[in-house]
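These notes concern the structure reproduced below.
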2 protein chains.
Amino acid sequence: MTVTLADVAARAQVSPATVSRVLNGNYPVAASTRERVLKAVDELDYVLNGPASALAAATSDLVGILVNDIADPFFGIMASAIQGEIGGPGGRAGGERLAVVCNTGGSPERELTYLTLLQRQRAAAVVLTGGAIEDAPHQAAMDAKLRKLADAGTRVVLCGRPPAPGTGAIALTFDNRGGGRELTEHLIGLGHRRLGYVAGPQERTTTRHRLEGHRAALAAHGIEEDPRWTVHGRYDRRSGYEAALELLRRDPALTAVVAANDSVALGACAALRDSGRKIPDDVSVAGFDDLPFSIDAVPALTTVRLPLTEAGARAGRIAMGREEPPPGDIASVRGELMVRGSSGAPRG
Amino acid sequence: MTVTLADVAARAQVSPATVSRVLNGNYPVAASTRERVLKAVDELDYVLNGPASALAAATSDLVGILVNDIADPFFGIMASAIQGEIGGPGGRAGGERLAVVCNTGGSPERELTYLTLLQRQRAAAVVLTGGAIEDAPHQAAMDAKLRKLADAGTRVVLCGRPPAPGTGAIALTFDNRGGGRELTEHLIGLGHRRLGYVAGPQERTTTRHRLEGHRAALAAHGIEEDPRWTVHGRYDRRSGYEAALELLRRDPALTAVVAANDSVALGACAALRDSGRKIPDDVSVAGFDDLPFSIDAVPALTTVRLPLTEAGARAGRIAMGREEPPPGDIASVRGELMVRGSSGAPRG
DNA sequence: AACGTCACAGCAAGCGCTTTCTATGTACCT
DNA sequence: AGGTACATAGAAAGCGCTTGCTGTGACGTT
C-alpha cells in the first residue's frame, strides 16, 4: 500500500541502508548512487515515515512552542518569530524541523499535558512563552517536567517568562517590573497623583511584576496607593472596558489609568469615552507591549514596547543551538517607553 | 536509561501487551490488573514513546493546523477555535490529540513542505485556514498532496478557504464575494460614487473574491470603475497606510476607501488622518473581518464580521469526526455587515 | 460429568527506519 | 608486487510499541 524505504531501495537497486543514508546525507554515498536513489524516491513519490524514523534514531524534528493564548497577537508575534528561526520548512536552517505551536489557553493542566505530549514525541526543543502561573504545586510540577525534558536532551527555552532555576531551561525574561515602573513614573512626572491600575489575572507572573513596578514607582514618589485603585481582570479588551468602569465607579477623580496590556488599555479607553471623558485631557491611559494596533488608537497609546520579534527570534535560535545561551542561562530583556498621545498632564 | 513499556510490565508482573492495553483502554483488562499497571506507570514515571506507538499502530494523534500568518489575529482566532475543539489536552474530546499550528507565512513552498511533514508524521487530521494561493502549478501540487493525505486516512478540512474539488477535503468557505459586495453596496447606498479599494496580495483567493464582490456592487449600480482606484498590497497595517496615500495621490476626490481587511483599513485611516482628512466626513473607510480591535478604532470601523470562532470550532469538530460534514462536503459561511462610525454620507 | 463459552493474559511477529559492523573494490605507497 | 588505506555499499540487529492469535482457568449448560 504505502511506499517504504525498502521499495525505494529495490527500485534503485541498492540496500535500504543506502537509501537511508542518501536521505539523511551524513555518510559518503557515491554521486551516481545518490542520483539513482533520488530518482527512485521521486518516481515512487516516497514520503519518509516520521514515527519510524524517530523511533530508530531516537530523536525527532518536532519543536514545540507553548503559548497562553494564540488569539492574542502578543503570542502570535512571538510564535511567528520563534518559528521563523526554527526553520520550519524553508527556513534558513538546514534541517527541516516541524515547529508547532500549542495553545494552553492559560490552563495549568493543558500546559502540563502539552509538555507530556511533546515529551512523548521526543521533541527536539520546547519554547515556553509568556507569563507563568504562580501556583506552588503547579510550578513544582512544571519544573519537574522541564527538568525531565532537559535531561532527555530536549532543549528548553523560556521566552518572556521568568527563569525556572534548576531545570536546565534557558530564560529570556522580559523586564516587566522595570517597564511598569518606568511607565508609571512617566505618568507621575506629568503630574498625576491618582492613578488607577487595571491588572491582569491574579496568578500570572506578568501581572504581578507589572503591578509591582507600578507600585514601586508610586512608592518612590511618596504616593500612597489606595487599594480601590487596582482591579484585576483578564488580558483582553472586554475585561479592560469593565475594569475601567469599575475603577471610575470607585474613584471618579482618577486622572490616569494604567492597563496591564494594550488590549486592556484599548478597552479602558472605550469605557472612558463612553462615560464622557476625554483622553488625555480628562484621563490619561497607558498600555503595555506596544502591539501593532496600539499606534492606531486615537489618541495613540502610550505604552512600553517589548521587543517580541527580537526576543522570539533569539529564543528560536537558542532552541536550535544556533546561538549561545546568555551567561548564566538567564537574560533580562528590557522594554522601551513609548510616549504617545494617550498620556498628558492632568487637567488643572 | 529511559523507562519503557517492558519496564512497566516487569514491575507490574504482567506482559507488555497487557500494559499497552491498559494504556489504550480498548480491550478487557481485569480491574485489579489495570490498577497494578497504573501504579507501576506512576511509580516509574513512565511516558509513552510517541513515535514507537505511532509506528506500531500506524496512526498518530497529531492534528495540523496550517495558517498563513500566525501573528495576524485573523488566524490566531481561528486557530484557537479549532484547537479548542480538537481537544488538545483537556479538551472535552476524549482522546488526547496534539493540535499543532504551522505558520506558512503565505509561502507556497512552506505550505507544501508542512503538509509533507504532517504526512510524514501520519497526522490524524489537517485543517488549512485562510485564502489559498492562485498559482496553477502550486494549486495542482497542493491538490495532489491533499488527495494523498485524504487517501492515507488523514481527514482534511478547509476553513475559510475555497473548496478543493476532487481531493476529498471538506470545505467551510467564507463568502468573501458576498460580503465584499454588501459592504460596497452600503457605501453606495450612502451616496458614494468614487470609491478606492486597497486590495490584498494579488495571488490570494481572498483578495480576488473580496475585490470581485466590490466590483459587482459597483457594476450593479452602474458605477464605472477607474482602474486607478485599486491598489494591491499586503494584508497589514503598513501596507494599508501606504496604499491609501497612493490612492489619494491618484485621485484626491475619492470619498470612500474600502480595505481588504481591518488591519489594512486601520492603516488607511491613519494615512487619511495624517493627510488632514476627517473620517467619515471627508472620506469613509470600511474594513473586513471585524477583528476585536476594529470596534476600538476612532471612529469605530464599518466592516464585515466573519464568524471566525464559530467556523473554526466547526472545522475542528469535523476534523475530529465529531460533526457531520456539510452536504456535498462544502459549506459557505456568510459574513455580516457591521455598520459603524467610519462610514457616512459623502460631503454633499 | 463433560463440554462449550467467556473473560483475560501472554506470545511473538512485525511496524519502517537507523546505524554499527563488516565486506569489497580501488587507489596509492614503498 | 604486496600491502595499507580509503571510499562505498550491504547485512542485520534493534528502536519501543501494538495486536492477531493462542492459551487457560472459571463458569454455565444440558
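A note on names: the letters A, B, ... follow the listed sequences, proteins ahead of strands, and every chain is numbered from 1.
Rounding to the nearest 0.5 Å places CG of B/L149 at 13.5 Å from CZ of B/R155. Atom-to-atom distance recorded for B/L48:CG and B/D61:CG is 9.0 Å, nearest 0.5 angstrom. Annotation: the span from A/L146 atom CG to A/Q119 atom CD amounts to 10.0 Å, rounded to 0.5 Å. For the atom pair B/K145 NZ and B/L115 CG, the distance stands at 7.0 Å (nearest 0.5 Å).
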**Message:** Walk me through whether A/V37 and A/V41 qualify under side chain to side chain contact (heavy atoms under 4.5 Å, CB included).
**Reply:** CA-CA 6 Å; A/V37 170; A/V41 165; 4.3 Å; yes
**Request:** Start with the C-alpha gap between B/V126 and B/L128, add the side-chain angles, then the distance that decides, and say whether side chain to side chain contact (heavy atoms under 4.5 Å, CB included) holds.
**Result:** CA-CA 7 Å; B/V126 174; B/L128 315 208; 3.2 Å; yes
**Item:** Step-by-step salt bridge (Lys or Arg N to Asp or Glu O under 4.0 Å) determination, B/R147 to B/D151
**Value:** CA-CA 6 Å; B/R147 158 139 296 292; B/D151 285 351; 2.9 Å; yes
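Within the structure, a side-chain polar atom (N or O) of B/S53 is placed less than 4.0 Å from OP1 or OP2 of D/dT18. Between A/S15 and D/dA9, a side-chain N or O to OP1/OP2 separation shorter than 4.0 Å is absent.
Between the side chains of B/T18 and B/S15, at least one donor N or O sits under 3.5 Å from an acceptor N or O.
Summarising the local packing, CD of A/E323 is surrounded by more than 12 heavy atoms from other residues, nucleotides or ligands at distances under 6.0 Å. Atom CD of B/E310 has more than 12 neighbouring heavy atoms from other residues, nucleotides or ligands inside a 6.0 Å radius.
For B/A17, the listed nucleotide lying nearest its side chain is C/dC11; candidates were C/dC11, C/dG16, D/dT18. Considering only the side chain of A/R21, D/dG10 comes nearest among D/dT19, D/dC15, D/dG10. The side chain of A/A56 has D/dC15 as its nearest neighbour among C/dG10, D/dC15, C/dC8. Candidate nucleotides D/dG16, D/dA11, D/dC15 were compared by shortest atom distance to the side chain of B/T4, and D/dG16 ranks first. The side chain of B/A52 lies closest to D/dG16 when the candidates are C/dT19, D/dT18, D/dG16. With C/dA9, D/dT18, D/dG14 as the choices, the nucleotide that has an atom nearest any side-chain atom of B/L5 turns out to be D/dT18.
For the pair A/D61 CG and C/dC17 P, the interatomic distance rounds to 14 Å; values are reported in whole Å. Regarding B/E35, its CD atom lies at a distance of 13 Å from the P atom of C/dA9, rounded to whole Å. As a whole-Å value, the separation of A/Q121 CD from D/dG16 C1' is 13 Å.
Annotation: proximity of residues 43-51 of chain B to DNA chain C (heavy atom, distance under 4.0 Å) is found for no residue.
Each of B/L55 and B/R36 was matched to the nucleotide of DNA chain C holding its nearest heavy atom; the match closer to the 5' end belongs to B/R36. Each of A/P28 and B/T18 was assigned the nucleotide of DNA chain D with the nearest heavy atom; the assignment lying further toward the 5' end belongs to A/P28. Between B/V14 and B/R122, the residue anchored closer to the 5' end of DNA chain C is B/V14, taking for each the nucleotide with the nearest heavy atom.
Considering A/T104, A/V100, A/T129, A/L158 as possible partners of A/L66, the one that fulfils the side chain to side chain contact (heavy atoms under 4.5 Å, CB included) test is A/T104.
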**Request:** Would you give a per-nucleotide map of nucleotides 22-28 of chain D, 5' to 3', where B means the base has a protein non-hydrogen atom under 4.0 Å away, S means only the sugar-phosphate does, and - means neither?
**Result:** -------
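Remark on the helix from C/dA1-D/dT30 to C/dT30-D/dA1: inter-end axis angle 40°, axes from five-pair C1' superpositions, rounded to 10°.
Pairs engaging residues 9-29 of chain A under the salt bridge (Lys or Arg N to Asp or Glu O under 4.0 Å) rule: A/R11-A/E43 [sequence neighbours left out].
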Under 3.5 Å, which donor-acceptor pairs do the side chains of residues 3-10 of chain B form with other protein atoms, sequence neighbours left out?
unit_1	atom_1	unit_2	atom_2	d
B/T4	OG1	B/A6	N	3.3
B/D7	OD2	B/T4	N	2.9

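A distance-only check finds no donor-acceptor pair linking the side chain of B/S20 to the backbone of B/P16 [under 3.5 Å].
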Could you pull out the protein-nucleic contacts involving nucleotides 25-28 of chain C (nitrogen or oxygen on both sides, under 3.5 Å)?
none

